[in-house]
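Contents: one structure, followed by commentary.
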Amino acid sequence: MKITIWNENRHENKNPEVAKVYPKGIHGALADFLAEEADVVRTATLDEPEHGLTEEVLNDTDVLLWWGHIAHDEVEDAIVQRIQNRVLDGMGLIVLHSGHLSKIFRRLMGTGCDLKWREADERERLWVVEPGHPITEGIGEYIEMPKEEMYGEHFDIPAPDELVFISWFEGGEVFRSGATFTRGRGKIFYFRPGHETYPTYYNKDVQTVIKNAVRWSAPKNTPVPVYGNASPLEAISDKDAEGKD
C-alpha cells in the first residue's frame, strides 16, 4: 500500500490557532496514524512544484487523500486532469471535509458540490446508516464530535453508490457525511468531519474510518477495459449466404 496525503497547507501557515491544533499540518496528523496502514506514506502540498503531484508520485500512489479549503482555484487544471486519469485507472481517492469544493471532486461528481455551512462550535453526531459496510468496521452506531463546523443539506452531489454516514447537528441540520462513488475503476469516499480549528483528526473513531476507507478504496486486481475498434472473438457467419441453396 502506498498512500499520498495532499493538503493545501495554507491555514497552518496563516492562522496560529490552526498551527496550534496541527503543528505538523493537517497532512502531518493524517500521516502519523496512516503510517500503520501502508508501506509508503508521503505528503504533498499546494506550493510544491506541480503541487507535489508529479506523474511519478501519482503513478506510485494507491490511495490519494485530499484536504483543501481556501485555495481550490490555485490547483492547476493539468494536475486535476492527471489525478482524474489515475482515479479512472483505479487509484482510490478520499476527499475530506472542505475538499467537497475542490476541482477534482467537482469534476468527478459533475455537479456544483455546494452546501450550507455554519461555524458555531456545534455538537455533531455521525450516524452509521450502512452498518455492513467495511468503512464502518470497528466503530459503534455513531461517532460523537463535541465541536465541529456544520454542513447542511442540500448537498449538491449525485446520488451516492452507498450512503455510509448521516450527520445530525445541534442546530438541527442533517448532512450526508460519508458517501461512496465509483468512477471508472477507481473508488471515491467523501468524509465530512475535519474543520481546521478542531482536533478532529486525533479522534480515534475518525481515524478508524479513514483507515478503513484507505483499505476499501485501494486498487483491486480488476479487469482493464479495452476501448475502440475491436476484432471479433468468434467467426462471424456470412448472413447473406444463410438459407441459400
Side-chain angles (χ1 to χ4, degrees), residues 1-38 40-84 86-87 91-108 113 117 119 145 148-149 151 177-178 186 188-203 206-214 217-218:
M1 177 79 75
K2 296 178 181 179
I3 299 172
T4 299
I5 301 164
W6 192 88
N7 176 28
E8 192 178 86
N9 199 36
R10 287 289 174 82
H11 286 295
E12 298 91 326
N13 291 321
K14 292 183 175 183
N15 188 338
E17 185 181 354
V18 178
K20 184 178 179 180
V21 177
Y22 293 108
K24 297 182 184 179
I26 291 172
H27 53 297
L30 294 167
D32 281 348
F33 71 83
L34 286 173
E36 306 167 8
E37 300 299 310
V40 174
V41 177
R42 62 170 65 88
T43 62
T45 57
L46 178 65
D47 292 324
E48 296 177 39
E50 300 183 62
H51 310 319
L53 299 174
T54 64
E55 293 275 7
E56 292 76 16
V57 166
L58 287 173
N59 288 338
D60 196 43
T61 297
D62 295 314
V63 179
L64 174 66
L65 286 82
W66 191 276
W67 197 103
H69 185 203
I70 57 173
H72 297 309
D73 290 344
E74 294 183 41
V75 178
E76 295 177 15
D77 291 340
I79 306 301
V80 175
Q81 184 64 59
R82 187 181 294 172
I83 299 166
Q84 180 183 16
R86 283 289 293 125
V87 171
M91 182 183 73
L93 177 65
I94 300 173
V95 177
L96 299 170
H97 190 58
S98 47
H100 68 91
L101 282 180
S102 63
K103 286 183 177 181
I104 183 58
F105 190 62
R106 286 186 291 134
R107 178 177 292 193
L108 288 164
C113 299
W117 63 274
E119 293 181 33
M145 306 298 299
E148 254 295 350
E149 179 182 12
Y151 278 8
S177 284
I188 302 165
F189 180 57
Y190 173 76
F191 191 43
R192 197 217 67 81
H195 183 62
E196 65 274 4
T197 59
Y198 302 125
T200 301
Y201 294 123
Y202 300 115
N203 180 287
V206 169
Q207 291 182 358
T208 295
V209 169
I210 294 173
K211 290 177 184 178
N212 290 344
V214 165
S217 63

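Rounding to the nearest 0.5 angstrom, the gap separating the CG atom in L30 from the OG1 atom in T43 is 10.0 Å. Expressed to the nearest 0.5 Å, how far CG of L65 lies from OG of S217 amounts to 7.5 Å. Taken to the nearest 0.5 Å, the CG atom of L93 stands 6.5 Å off from the CD1 atom of I104. Taken to the nearest 0.5 Å, the NZ atom of K103 stands 8.5 Å off from the CD atom of E76. Rounding to the nearest 0.5 angstrom, the gap separating the CD atom in E119 from the CD atom in E149 is 4.5 Å.
Here the two rings, on Y22 and Y202, have centers that are under 6.0 Å apart. When ring centroids are compared, Y151 and H97 come within the 6.0 Å threshold.
Under a 3.5 Å cut-off, the side chain of N203 and the backbone N or O of P199 do not form any donor-acceptor pair. At distances below 3.5 Å, at least one donor-acceptor pair connects side-chain atoms of W67 with backbone N or O atoms of G194. At least one donor-acceptor pair closer than 3.5 Å links the side chain of R106 to the backbone N or O of L101. The main-chain N or O of P193 is found under 3.5 Å from a side-chain atom of Y201 such that the two form a donor-acceptor pair. Formation of a donor-acceptor pair under 3.5 Å by the E12 side chain with backbone atoms of I26 is found in this model. A side-chain donor-acceptor contact under 3.5 Å links W6 to the backbone of H51.
Between R82 and E50, at least one side-chain nitrogen of the basic residue sits less than 4.0 Å from a carboxylate oxygen of the acidic one, meeting the salt-bridge criterion.
Summarising the geometry of A213 relative to F189, their closest heavy-atom pair is CB-CD2, 3.5 Å, with the distance given to 0.1 Å. Nearest heavy atom pair, residue A218 against residue V63, reads CA-CG2, 3.7 Å. In plain terms, the two heavy atoms of H100 and V95 that are nearest each other are N-CG1, 4.0 Å. Of all non-hydrogen atoms in G52 and A44, the two that sit nearest each other are O-CB, 3.6 Å. In terms of heavy-atom proximity, G68 sits nearest to S98 at O-OG, 2.6 Å. When every heavy atom of Y190 is checked against every heavy atom of L96, the shortest pair comes out as CE1-C, 4.4 Å.
Side-chain contact between V209 and N212: absent, with no pair of heavy atoms (C-beta onward) separated by less than 4.5 Å. A heavy-atom distance below 4.5 Å is not found between the side chains of E8 and V75. A 4.5 Å side-chain heavy-atom check between I5 and L34 finds at least one atom pair inside the cut-off. Considering only heavy atoms from C-beta on, L53 comes within 4.5 Å of T4 through its side chain. The closest side-chain heavy-atom distance from F33 to I210 is below 4.5 Å. Residues V87 and I188 are in side-chain contact: their nearest non-hydrogen atoms beyond the backbone lie under 4.5 Å apart. No side-chain heavy atom of T197 sits under 4.5 Å from any side-chain heavy atom of V21. I83 is listed as a side-chain neighbour of L64, based on a closest heavy-atom distance under 4.5 Å.
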Step by step, work out the side chain to side chain contact (heavy atoms under 4.5 Å, CB included) result for W117 and H195. CA-CA 11 Å; W117 63 274; H195 183 62; over 6 Å; no

Please determine whether salt bridge (Lys or Arg N to Asp or Glu O under 4.0 Å) holds for the pair D60 and K2, giving the CA-CA distance in whole Å, both sets of side-chain angles, and the decisive distance to 0.1 Å. CA-CA 7 Å; D60 196 43; K2 296 178 181 179; 2.7 Å; yes

Please step through side chain to side chain contact (heavy atoms under 4.5 Å, CB included) for the pair R42 and T61, ending with a clear verdict. CA-CA 9 Å; R42 62 170 65 88; T61 297; 3.5 Å; yes

For W66 and S102, run side chain to side chain contact (heavy atoms under 4.5 Å, CB included): C-alpha distance rounded to whole Å, both residues' side-chain angles, the deciding distance at 0.1 Å, then the answer. CA-CA 9 Å; W66 191 276; S102 63; 3.4 Å; yes

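Counting heavy atoms of neighbouring residues, nucleotides and ligands inside a 6.0 Å radius, atom NZ of K211 exceeds 12 of them.
Of the candidates E196, H69, E74, E74 is the only one forming a side-chain hydrogen bond (donor to acceptor under 3.5 Å, both in side chains) with R10. Results of the side-chain hydrogen bond (donor to acceptor under 3.5 Å, both in side chains) test with D32 over H27, Q207, K24 single out K24 as the only residue that passes.
E148 and T200 share a side-chain donor-acceptor pair at under 3.5 Å.
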